[in-house]
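Note that ligands are numbered from 1 as they come in the structure, with each ligand's atoms numbered from 1 the same way. Heads up: numbering here begins at 1 and tracks the sequence.
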Amino acid sequence: MYLTIIFILEDGSLKIYNVTKADAGVYTCIAMNQFGVARSSGNLIVKERTIITTPPSNVDVTVGESIVLPCQVSKDPSIEVVFSWLFNGDLIDFNRRMTHFERVGGESVGDLMIRNIQINHSGKYTCIVQTAMDTLSETAEIIVRGTPGPPKDVSIEHVSSTTAVLNWRPGIENNSPIQIYTVQTRTPFSVGWQAVSTVPEVINGRTHTATVVDLNPWVEYEFRVVAGNSVGIGEPSAPSELLRTKASIPTVAPANVSGGGGSRSELVIMWESVPEELQNGEGFGYIIMFRPLGSSSWTKAVAASVEASKYIYRNESITPLFPFEVKVGVFNQEGVGTLSPIYIVYSGEDEPQLAPSGTSVQSLSASELEVSWSPVAWNRHTGRVLGYEVLYWTDDSKDSTTGKVRVFGNITAKNITNLKANTMYFVTLRAYNTAGTGPSSVPVNATTKKSPPSQRPANIAWKLTNSKICLNWEHVKTMENESEVLGYKILYRQNRQSTTHILETNNTSAELLVPFEEDYLIEIRTMSDGGEGSSSEEIRIPTMSSLSSKGRHICYSFEIAILVHILNSSFCY
Ligand SMILES: *[C@@H]1O[C@H](CO)[C@@H](O)[C@H](O)[C@H]1NC(C)=O
Ligand SMILES: *[C@@H]1O[C@H](CO)[C@@H](O)[C@H](O)[C@H]1NC(C)=O
Ligand SMILES: *[C@@H]1O[C@H](CO)[C@@H](O)[C@H](O)[C@H]1NC(C)=O
Ligand SMILES: *[C@@H]1O[C@H](CO)[C@@H](O)[C@H](O)[C@H]1NC(C)=O
Ligand SMILES: *[C@@H]1O[C@H](CO)[C@@H](O)[C@H](O)[C@H]1NC(C)=O
Ligand SMILES: *[C@@H]1O[C@H](CO)[C@@H](O)[C@H](O)[C@H]1NC(C)=O
Ligand SMILES: *[C@@H]1O[C@H](CO)[C@@H](O)[C@H](O)[C@H]1NC(C)=O
Ligand SMILES: *[C@@H]1O[C@H](CO)[C@@H](O)[C@H](O)[C@H]1NC(C)=O
Ligand SMILES: *[C@@H]1O[C@H](CO)[C@@H](O)[C@H](O)[C@H]1NC(C)=O
Ligand SMILES: *[C@@H]1O[C@H](CO)[C@@H](O)[C@H](O)[C@H]1NC(C)=O
């Protein structure tokens with residue numbers, strides 16, 4: 001508890017120390033001498049002191065963050081305060097267009113917001129509080145930390161066939177020490193920049209060195225360096241100059257050596273060519289070595305071309321379809337490199353020597369023929385059979401067509417489709433293998449059926465009874481160039497049910513025994529040797545319940561019973 005101490009000064013003034021609210025009130029000065037008394041009064045008003053209650057405090061932030069520096073006061077309600085801020089001693093002018101600084105909090109709060117803070121916003125921030133009676137201030141320091149700036153002056157000091165020594169100088173730290181460097185590389189064959197293995201060594205604080213290892217010989221490289229600190233990875237340096245590593249003997253053999261096929265007396269050898277970045281030097285080519293399985297000496301050949309991926313060896317003494325051991329190797333001006341492992345490749349074969357026999361052809365419809373034949377019994381001397389080729393043609397001089405279909409494997413029949421109606425076709429067969437096709441079989445002929453009836457079933461009448469739909473329709477008459485009607489096909493399905501049921505009959509009436517909860521959709525088609533004819537219009541038969549006397553037609557006496565659904569000798573009344 002404080003005591004209020006009051007002095008009367010020599011000139012009569014009153015001095016009050018440590019004023020409190022209790023000291024407020026009317027003070028009267030009374031002066032006296034022998035002549036009399038004089039008095040004067042004044043009112044003392046005591047106001048609350050202004051205090052900065054929440055001052056800004058020192059902070060560490062990362063580039064891009066937004067922060068609020070508080071500056072909050074307690075004050076007498078009757079006192080006006082004015083807030084302002086200094087950055088490194090300079091007044092921040094909020095009236096100028098400032099993208100990063102903003103005053104927030106209203107009249108009695110002086111908070112400063114810094115949006116998207118940048119490295120150059122590091123420094124001292126002072127909040128100044130001014131009233132009519134006094135001026136207060138508080139200062140805080142902000143450190144903004146960012147990812148390191150790009151390293152500088154990347155240079156290549158020394159290069160071998162698989163290594164390169166790089167030097168560079170560090171970029172700006174941005175208030176957080178650099179912890180790591182990564183070297184990236186780019187070649188004409190790579191997609192963008194990729195990290196590479198390095199053996200780093202720091203020579204002194206200013207220059208940095210690393211040895212990049214595992215490079216490919218005779219490839220042009222560019223390098224760049226990226227620095228990282230606790231904030232993150234910074235921008236990469238500018239690329240170094242372009243530099244080619246030294247040449248060396250190639251070490252990667254071709255992949256996927258294969259081959260086979262070709263004609264008799266040939267050995268066809270193929271491989272996947274070695275990509276340019278693995279050729280390791282100029283004068284690149286392939287060495288091909290092969291021998292018949294069981295033989296002890298290798299035959300050697302050279303394909304002195306970068307692009308080569310195939311070699312054909314011809315020699316009359318090669319046995320057809322004989323297994324060869326094959327190796328493919330690589331070389332360049334520096335020397336002969338690696339050989340691939342041994343692959344087995346077969347020599348070329350003869351075409352089949354035998355023609356298929358027992359060929360026959362049958363007409364299935366107006367557009368289809370079925371060809372069948374006996375399999376060729378082959379051996380190494382008569383030539384392997386991989387499959388058969390069917391050739392067909394018409395003999396019409398005006399509009400001749402030819403066609404060819406291949407079937408693979410030991411197959412003995414094939415349907416030929418999309419043919420013309422009522423037309424004679426000739427068919428021959430030949431066997432084939434990788435060398436080609438063998439002799440043709442004796443031609444056989446067949447005539448496609450006449451086209452199906454063009455007229456559609458018409459005048460369809462129907463009647464409903466308890467659980468039966470009775471149908472009848474007019475017989476379809478055919479023209480001379482059309483196939484005879486052999487019967488009719490009735491397709492019916494429930495309205496909202498997709499499965500279609502099929503009923504075949506050779507009469508012009510039918511009876512469907514159906515659970516009849518929903519409408520039925522029905523269509524009728526002709527059937528003939530030439531195939532199915534066109535459909536009738538689709539008719540809809542409504543349910544019993546929705547029906548009063550709409551069925552106008554009556555079907556009498558049914559005698560057909562082809563499928564289960566048709567009742568023999570039943571009637572619809
Ligand atoms: C006024 O109060 C302060 C504490 O706030 C004290 O240190 C000082 O001695 C006081 N003054 C007098 C004259 O008592
Ligand atoms: C910080 O740097 C940017 C440019 O990078 C500049 O526009 C801005 O005025 C600078 N801010 C301060 C406070 O210096
Ligand atoms: C070899 O060929 C196969 C199939 O063609 C392919 O999947 C594979 O990647 C190839 N191997 C090499 C090393 O190229
Ligand atoms: C063909 O092969 C035989 C037996 O392997 C060999 O003696 C002969 O030199 C070869 N001829 C050619 C032209 O390579
Ligand atoms: C081809 O199949 C038939 C029987 O369908 C068989 O007798 C014959 O041996 C088979 N031929 C070959 C080469 O597999
Ligand atoms: C040719 O078609 C008919 C009728 O569709 C069929 O019975 C026969 O199996 C088919 N033949 C072949 C080889 O596909
Ligand atoms: C068609 O084949 C039959 C034997 O099936 C033959 O008698 C007839 O001469 C052949 N027709 C033609 C035009 O070759
Ligand atoms: C069948 O003959 C009629 C005329 O007799 C002709 O209009 C029709 O195009 C012919 N149909 C076919 C499939 O040739
Ligand atoms: C109708 O079909 C039945 C049974 O399939 C058959 O016996 C009869 O000959 C056919 N009738 C006619 C006129 O085709
Ligand atoms: C089809 O109807 C004809 C006469 O309408 C009749 O002679 C024949 O027997 C019927 N066929 C069957 C299978 O009911």
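- Residues L512 and I522 meet the side-chain proximity criterion, which asks for heavy atoms closer than 4.5 Å.
- Taking a cut-off of under 4.0 Å to the non-hydrogen atoms of A413, the atoms of ligand 6 that pass are 13 (C).
- Within ligand 6, counting atoms from 1 as listed, the ones closer than 4.0 Å to a heavy atom of E370 are 1 (C), 8 (C), 10 (C), 11 (N), 12 (C), 13 (C).
- Residues Y388 and W373 bring their aromatic ring centres within 6.0 Å.
- The side-chain tip of R244 points at the ring of W218 from less than 6.0 angstrom away and within 45° of straight on.
- Figure legend: R291 and F324 shown without cation-pi pairing, the cationic atom not lying both under 6.0 angstrom from the six-membered ring centre and within 45 degrees of its axis.
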Go through the steps to decide whether Y181 and W168 satisfy the test ring-ring contact (aromatic ring centres under 6.0 Å, His included), and finish with yes or no. CA-CA 10 Å; Y181 285 103; W168 66 91; 5.2 Å; yes

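- Those atoms of ligand 6 with a heavy atom of N415 less than 4.0 angstrom away are 1 (C), 2 (O), 3 (C), 8 (C), 10 (C), 11 (N), 12 (C), 14 (O).
- The pair E532-K489 counts as a salt bridge, with a side-chain nitrogen and a carboxylate oxygen less than 4.0 angstrom apart.
- Heavy-atom contacts of N445 reach the following atoms of ligand 7: 1 (C), 2 (O), 3 (C), 8 (C), 10 (C), 11 (N), 12 (C), 14 (O) (cutoff under 4.0 Å).
- Inclusion of E368 in the set of residues having an N or O under 3.5 Å from an N or O of ligand 6 is not warranted.
- Of the inter-residue distances, the one linking L491 atom CG with E538 atom CD reads 10.0 Å to the nearest 0.5 angstrom.
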Check against ring-ring contact (aromatic ring centres under 6.0 Å, His included), W393 and Y425: CA-CA 6 Å; W393 66 95; Y425 281 88; 9.7 Å; no

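- Within 4.0 Å of ligand 4, heavy atoms belong to protein residues Y313, N315, S317.
- Near M424, meaning under 4.0 Å from any of its heavy atoms, are these atoms of ligand 7: 13 (C).
- Listed by atom number, the atoms of ligand 6 under 4.0 Å from L364 heavy atoms are 1 (C), 2 (O), 3 (C).
- In this pair, W271 and Y286 present their aromatic rings tilted. The plane angle is within the 30 to 60° band.
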